2 protein chains.
Amino acid sequence: MPIDAFDFDTLLLKSFIAIAETGNFTAAAEIVGRSQSALSLQVKKLEEGFGCALFQRETRAVTLTPQGEIFLSYAKRMVQLQWEAYSRLREPDVQGEIRLGTPEDFAAHYLPDVLATFRRQHPRVLLNVACDLTLNLMRGFKAGEFDLILVKRDPQRVLGGTRVWREPLVWAAADNHQPEDPLSLVLAPQPCIYRARALAALDRARRPWHITYTSPSLAGTLAAVKAGLGITVLPANMLPAGIHPIRGSRLPRLADAEIALIKRDETSRISEMLAGHIMGSLERIS
Amino acid sequence: MPIDAFDFDTLLLKSFIAIAETGNFTAAAEIVGRSQSALSLQVKKLEEGFGCALFQRETRAVTLTPQGEIFLSYAKRMVQLQWEAYSRLREPDVQGEIRLGTPEDFAAHYLPDVLATFRRQHPRVLLNVACDLTLNLMRGFKAGEFDLILVKRDPQRVLGGTRVWREPLVWAAADNHQPEDPLSLVLAPQPCIYRARALAALDRARRPWHITYTSPSLAGTLAAVKAGLGITVLPANMLPAGIHPIRGSRLPRLADAEIALIKRDETSRISEMLAGHIMGSLERIS
DNA sequence: TGAGTGTCATAAGTAAAATTGATAGTTTTA
DNA sequence: TAAAACTATCAATTTTACTTATGACACTCA
């Protein structure tokens with residue numbers, strides 16, 4: 001492990017993050033409780049250390065340069081680690097209950113590893129994971145039934161929360177599937193966001209379709225697709241053996257699948273830690 | 001994201017790591033290029049910040065307290081991030097070729113995600129992954145054929161390298177499998193470390209066995225086990241559908257599977273980055 | 001067009017902090 | 001019991017960071 005590379009304080013990182021998020025030195029100075037000139041010097045130190053500009057100074061606002069974007073991701077991870085270390089050492093035995101809501105397919109695919117690690121690090125925490133459709137999760141969250149929810153969302157329409165995952169959404173069919181017209185579809189039932197997106201895209205492209213099979217679970221959908229009942233829409237990495245993406249056909253392109261993490265403003269220390277853990281773990285992969 | 005928690009410099013982290021690794025303030029001071037008293041004060045600052053001791057001062061050497069162990073893992077990750085950020089910003093366009101050697105099962109299971117992320121972050125790097133048995137990897141590494149290798153090892157016998165993964169090794173059988181005596185085994189061919197470990201354990205327990213099927217690849221082994229040709233030995237998380245761990249029987253317990261990353265002392269910047277990436281990514285999960 | 005405003009950068013002085021070198025206080029070793 | 005090998009502590013010094021005040025710049029609006 002190389003130990004050169006110039007050193008900096010987590011204070012610098014926090015200032016940097018605040019500036020990146022507000023787009024404004026003065027406002028950021030307010031947040032971190034220091035003078036504007038202090039932040040100016042801090043950024044200067046960072047920029048000199050890295051030998052490149054991190055912010056583009058326009059008159060009305062400062063925006064991140066490409067290098068700044070890169071550094072932001074590192075800065076956030078480092079601050080997260082710092083806070084996590086602090087939490088664990090100050091109050092080693094975090095405990096309590098966390099109610100986490102998540103889409104079913106995400107729960108089946110990416111979450112197990114992430115949650116397993118968390119459990120190992122915090123054995124006295126009661127994890128309570130519920131799977132449901134995004135709309136129900138949102139409703140439940142507002143009703144106070146969850147501490148943390150992971151929801152699907154459109155990349156365009158952002159409703160708060162932090163993006164923790166993004167991957168292409170593709171049309172998928174069984175390996176031995178033959179093209180047909182009108183399209184046979186295998187989809188989740190009504191308020192599913194992928195379903196809505198797929199149907200809207202087809203309508204826009206004026207492709208006729210009909211739904212052959214409906215299953216609320218990912219496993220059910222996959223089974224139906226494998227059985228040749230139709231094609232479906234899936235995140236690219238969730239394709240199991242026997243199902244492949246449909247390429248080069250005239251199916252409409254789909255927007256990326258995006259998963260965001262939403263948490264309460266005021267939340268327990270332990271939920272905060274799980275949120276950080278999820279963000280940190282997924283950021284590495286996505 | 002909470003922004004309290006006391007702030008510290010990456011310099012402190014490097015000192016801390018050096019002390020933890022040498023078990024000696026004076027030697028560590030030499031490494032980081034500062035006086036012994038400086039390190040003493042730095043550690044004091046950390047300990048006061050966290051409100052707990054990080055080192056246990058015995059007369060002959062200092063050792064980490066349990067809290068120190070926890071902090072060490074965070075410290076390492078933070079320094080790794082710091083170095084990675086630095087590298088990417090100083091020389092944005094890292095390029096070159098990396099020759100990575102890895103066990104086949106590991107390559108199939110955990111590595112794809114990790115490498116995919118790396119590729120996305122460093123598009124101009126040529127990744128060259130070769131799968132082989134640990135013994136061959138070791139030989140190839142010594143012969144200069146690899147920049148980096150991942151190898152299986154016994155938790156007891158450590159030969160250098162950093163542990164990046166650890167998980168229980170279990171006996172596994174097809175779901176419809178019936179117990180039998182002598183045991184029928186499905187294993188990889190000769191110099192496989194799991195094979196050796198399984199057979200040694202059985203011999204120690206004086207269980208008779210015979211090998212029914214031999215396949216060099218994980219897929220081949222799984223197919224044979226599913227077909228009921230015998231039981232095998234697998235890392236607990238690699239069990240696919242249709243194969244389950246054998247519990248409660250009188251099969252001998254197996255030591256954990258452990259994967260270590262070995263790299264040259266003098267290696268290219270880009271290999272260094274991949275090494276860091278692998279360690280960082282897997283540390284979160286394991 | 002030109003005063004007003006909001007913005008970041010810079011400068012000089014000051015406050016804070018880290019580092020050092022010397023030293024005291026341990027415990028082990030010979 | 002003296003020497004050796006440690007770490008902790010202290011006071012002096014050096015380095016670093018912060019603040020206030022001011023400058024420079026570019027938009028905005030009369």
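All chains are named by letter (A, B, ...) in the order of the sequence lines, taking the proteins before the strands, and each is independently numbered beginning at 1. Since the model is a prediction, treat every value here as computed from it, not as a measurement.
- Judged as a salt bridge (Lys or Arg N to Asp or Glu O under 4.0 Å), the pairs with a partner in residues 25-50 of chain B (not counting sequence neighbours) are, in order, Glu47(B)-Arg57(B).
- Between Asp9(B) and Gly23(B), the one whose closest nucleotide on DNA chain D sits nearer the 5' end is Gly23(B).
- Rounded to whole angstrom, the span from the CD atom of Glu47(A) across to the P atom of dC8(C) amounts to 13 Å.
- Counting to the nearest Å, the C1' atom of dA18(C) and the CZ atom of Phe8(B) are 17 Å from each other.
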note = In B/S/- notation (B base, S sugar-phosphate only, - none; protein heavy atoms under 4.0 Å), nucleotides 22-30 of chain C written 5' to 3' is -----SS--
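- Partners of Arg60(A) under the side chain to side chain donor-acceptor pair (under 3.5 Å) rule, at least two apart in sequence or in another chain, do not exist in this structure.
- Here Thr26(A) lies in heavy-atom contact (under 4.0 Å) with sugar-phosphate atoms only.
- Taking the charged nitrogens against the carboxylate oxygens, Glu145(B) and Arg139(B) have no contact shorter than 4.0 Å, which rules out a salt bridge.
- A search for side chain to side chain donor-acceptor pair (under 3.5 Å) contacts involving Thr162(B) returns nothing, not counting sequence neighbours.
- For DNA chain D, the span of nucleotides reached by chain B at under 4.0 Å from its heavy atoms goes, 5' to 3', from dA5(D) to dT9(D).
- For residues 38-45 of chain B, proximity to DNA chain C is found at Ala38(B), Leu41(B), Gln42(B), Lys45(B), defined as any non-hydrogen atom under 4.0 angstrom from a strand atom.
- Residues meeting the side chain to side chain donor-acceptor pair (under 3.5 Å) test with Gln36(B), sequence neighbours left out: none.
- Taking the side chain to side chain contact (heavy atoms under 4.5 Å, CB included) definition, one finds that Glu97(B) meets it with Arg99(B), Leu126(B), Asn128(B), sequence neighbours left out.
- Remark: P of dC8(C) and CD of Gln56(A) are 14 Å apart, rounded to the nearest angstrom.
- Here Arg264(B) pairs with nothing under the salt bridge (Lys or Arg N to Asp or Glu O under 4.0 Å) rule; sequence neighbours left out.
- With sequence neighbours excluded, no residue forms a side chain to side chain contact (heavy atoms under 4.5 Å, CB included) with Glu266(B).
- With salt bridges taken as basic N to acidic carboxylate O contacts below 4.0 Å, none links Lys14(B) and Asp9(B).
- For Asn24(A), the listed nucleotide lying nearest its side chain is dT7(C); candidates were dT20(C), dT7(C), dA9(C).
- Annotation: side chain to side chain contact (heavy atoms under 4.5 Å, CB included) contacts of Ser271(A) (sequence neighbours excluded): Ile98(A), Asp147(A), Leu148(A), Thr267(A), Ser268(A).
- Under the rule for a side chain to side chain donor-acceptor pair (under 3.5 Å), Tyr86(B) has no partner lying at least two apart in sequence or in another chain.
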